[in-house]
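Notes follow once the structure below has been shown.
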Amino acid sequence: MVTLADDLQPLHHPKTWIGKYVWSQDHKVIAIQYSLTAVAIGLVALVLSVLMRLQLGFPGSIPWIQPDNYLQFVSMHGMIMVVYLLTALLLGGFGNYLIPLMVGARDMVFPFVNMLSYWVYLLSVIVLVAGFFVPGGATGAGWTLYPPQAITEGTPGYQWGIVTMLVSLAIFIVAFTMGGLNYVTTVLQARCKGMTMMRMPLSVWGIFIAAIMGLLAFPALFVAAIMMLFDHLAGTSFFMPTIFSMGQISDTEGGNPILFQHLFWFFGHPEVYIVALPAFGIVSDLISVHARRNIFGYRMMVWAIVIIGGLSFVVWAHHMYVSGMNPYFGFFFAISTLIIAVPTAIKVYNWLLTLWRGDIHLRVPMLFAIAFIFTFIHGGLTGLFLGNVSVDVPLSDTMFVVGHFHMVMGVSPVLVIFGAIYHWYPKITGRMYNKTLGQMHFWFTFLGTYATYLPMHYIGVLGVPRRYYALGDTSFIPDSVSTANAGITIAAIIVFVAQALFFINLTWSYFRGKKADPNPWGASSLEWLTPDTPPTHGNWGEKLPTVHRWAYDYSVPNAERDFIPQNEPPSNEPPS
């Protein structure tokens with residue numbers, strides 16, 4: 001049963017500049033606030049990654065990067081990218097902007113709570129950044145924050161750095177909960193007339209399932225963060241066993257560090273798909289629009305998203321094969337890891353079959369969408385290696401994991417984000433971007449990331465460990481590793497510099513770009529059919545749209561155009 005959105009839904013119309021752009025309750029403004037904040041903190045993490053690469057590629061070239069700094073850079077880079085950039089941008093940014101427009105709603109169901117979610121997220125980012133300035137600096141425990149090392153003497157930032165990290169994560173989860181409840185409720189309760197669940201674009205499905213997963217998975221991280229804070233500040237022993245160090249016995253006893261790993265990865269592996277599922281949905285829409293083909297196997301794609309979301313909760317311990325788990329548990333998690341590859345592969349096949357014999361337009365969004373398929377397949381295949389216990393154990397702490405994780409969790413979603421920004425930029429700003437700059441940005445980014453992460457698999461197979469500040473004269477590491485590390489660093493710097501093309505393009509186009517057509521790509525989904533471009537507060541003017549079909553009517557035989565908008569009634573039905 002479809003719950004109809006109310007044409008008379010009360011909206012808080014801003015009366016001042018501050019009300020419109022600062023304390024805004026408009027989902028589109030909140031989406032841009034989320035996006036700008038996420039990109040800003042993401043740039044911090046990007047700079048940290050370049051500093052790490054300079055140390056690995058050219059050891060000692062920057063004298064002030066010492067082992068403690070390096071570990072802090074690793075920890076902050078990883079956590080910022082996974083949580084504060086990707087999760088916030090895909091759900092807080094794209095989720096906020098797209099859901100009401102794509103389902104035909106005026107706004108989120110709880111606009112005030114939506115506004116609060118952004119400001120609480122901003123607070124979490126401020127607390128996180130404060131970790132750089134507290135005594136001892138940010139935490140250097142690694143982005144996974146494993147105890148007991150995270151809160152014991154000798155680890156960089158073990159006093160205040162870890163506290164700011166844990167408090168920031170707790171605040172972030174509060175923000176996500178407010179946002180996630182909004183996304184789920186809006187999809188379930190605010191769809192316009194005719195917008196059944198099986199007529200929703202796959203972007204909405206991906207964000208919807210990811211929000212549900214986050215509401216179930218993030219509490220595990222929240223509990224783990226609070227318990228570790230108690231261990232650190234109140235002397236409890238949830239995770240702290242008795243430790244014998246330097247002839248001294250610690251005051252703690254009875255704690256279990258492995259418990260933290262279970263809590264962290266019960267969040268951590270669903271988190272991979274909290275990021276991936278919105279990317280899956282968005283790339284499906286990009287491919288369909290720019291190939292002028294209806295998405296192949298729509299219902300299969302929807303159920304694949306749902307099944308992936310469910311299975312992601314029973315594979316977490318494949319991150320813990322080296323923790324000493326019972327071999328029977330290892331067998332179970334290896335099998336479940338292989339099973340989750342099946343619905344994921346279905347999505348890849350359906351993308352390829354959507355492209356098959358399509359009228360492919362290689363615009364910038366489509367280039368990024370196709371590049372995503374390449375990188376995701378590559379990252380997924382190396383993930384099958386690491387899902388196998390006997391292969392994972394020798395590779396677990398090597399650069400092979402870094403290469404795999406960045407291909408599947410770093411490069412792939414970021415390519416989708418770039419493609420999505422280029423795709424919806426005309427709707428958001430009313431301006432077109434510069435195509436030449438966009439193409440240059442794509443090729444530098446795509447080829448540069450492959451030049452960065454492919455060699456990491458090679459040096460990982462050679463046994464090069466990850467998270468090491470310097471390799472020194474390790475006997476089993478050949479000279480080719482230092483050459484590979486130097487090449488990786490040069491490629492990473494080129495990719496880093498190339499991102500200036502993206503920001504220059506968007507900024508210049510915002511002020512000087514060609515005025516965009518309301519529907520420049522000829523898309524059929526509702527967000528392109530608003531009365532105004534960019535959409536005004538309330539999105540739809542006086543009357544909400546009525547949906548008569550799914551979102552993928554492209555190249556329909558005997559149709560007047562090569563697409564049919566969702567709000568266009570069948571030829572034998574009078575307009576509503």
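When reading the values below, keep in mind they use all heavy atoms of this one structure, side chains included, and skip hydrogens, waters and symmetry mates.
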Quick one: list whatever passes salt bridge (Lys or Arg N to Asp or Glu O under 4.0 Å) with Asp397, sequence neighbours left out. Arg466

Which residues pass the side chain to side chain contact (heavy atoms under 4.5 Å, CB included) test with [X], sequence neighbours left out?
X      : result
Ala491 : Ala451, Thr452
Ala279 : Val416
Ala341 : Leu384
Thr177 : Ile173, Leu181, Leu215

[X]: which residues meet the side chain to side chain donor-acceptor pair (under 3.5 Å) condition with it, sequence neighbours left out?
X      : answer
Tyr453 : none
Asn539 : His27, Lys28
Tyr425 : none
Ser203 : Asp285

Can you say whether the rings of His441 and Phe418 are parallel (under 30°), tilted (30 to 60°) or perpendicular (over 60°)? perpendicular

Pairing donors with acceptors under 3.5 angstrom, does anything connect the side chains of His404 and His457? no

Inspect the surroundings of CZ in Phe503 and state if more than 12 heavy atoms from other residues, nucleotides or ligands are less than 6.0 Å away. yes

Just wondering, do Ile212 and Tyr183 contact through their side chains at under 4.5 Å, heavy atoms? no

side-chain hydrogen bond (donor to acceptor under 3.5 Å, both in side chains) contacts touching residues 131-149 (sequence neighbours left out): Tyr146-Trp265

Keeping to residues at least two apart or across chains, list the side-chain hydrogen bond (donor to acceptor under 3.5 Å, both in side chains) pairs with something in residues 206-216. none

Provide the full list of ring-ring contact (aromatic ring centres under 6.0 Å, His included) pairs with a residue in residues 223-242, sequence neighbours left out, each pair given once. Phe239-Phe260

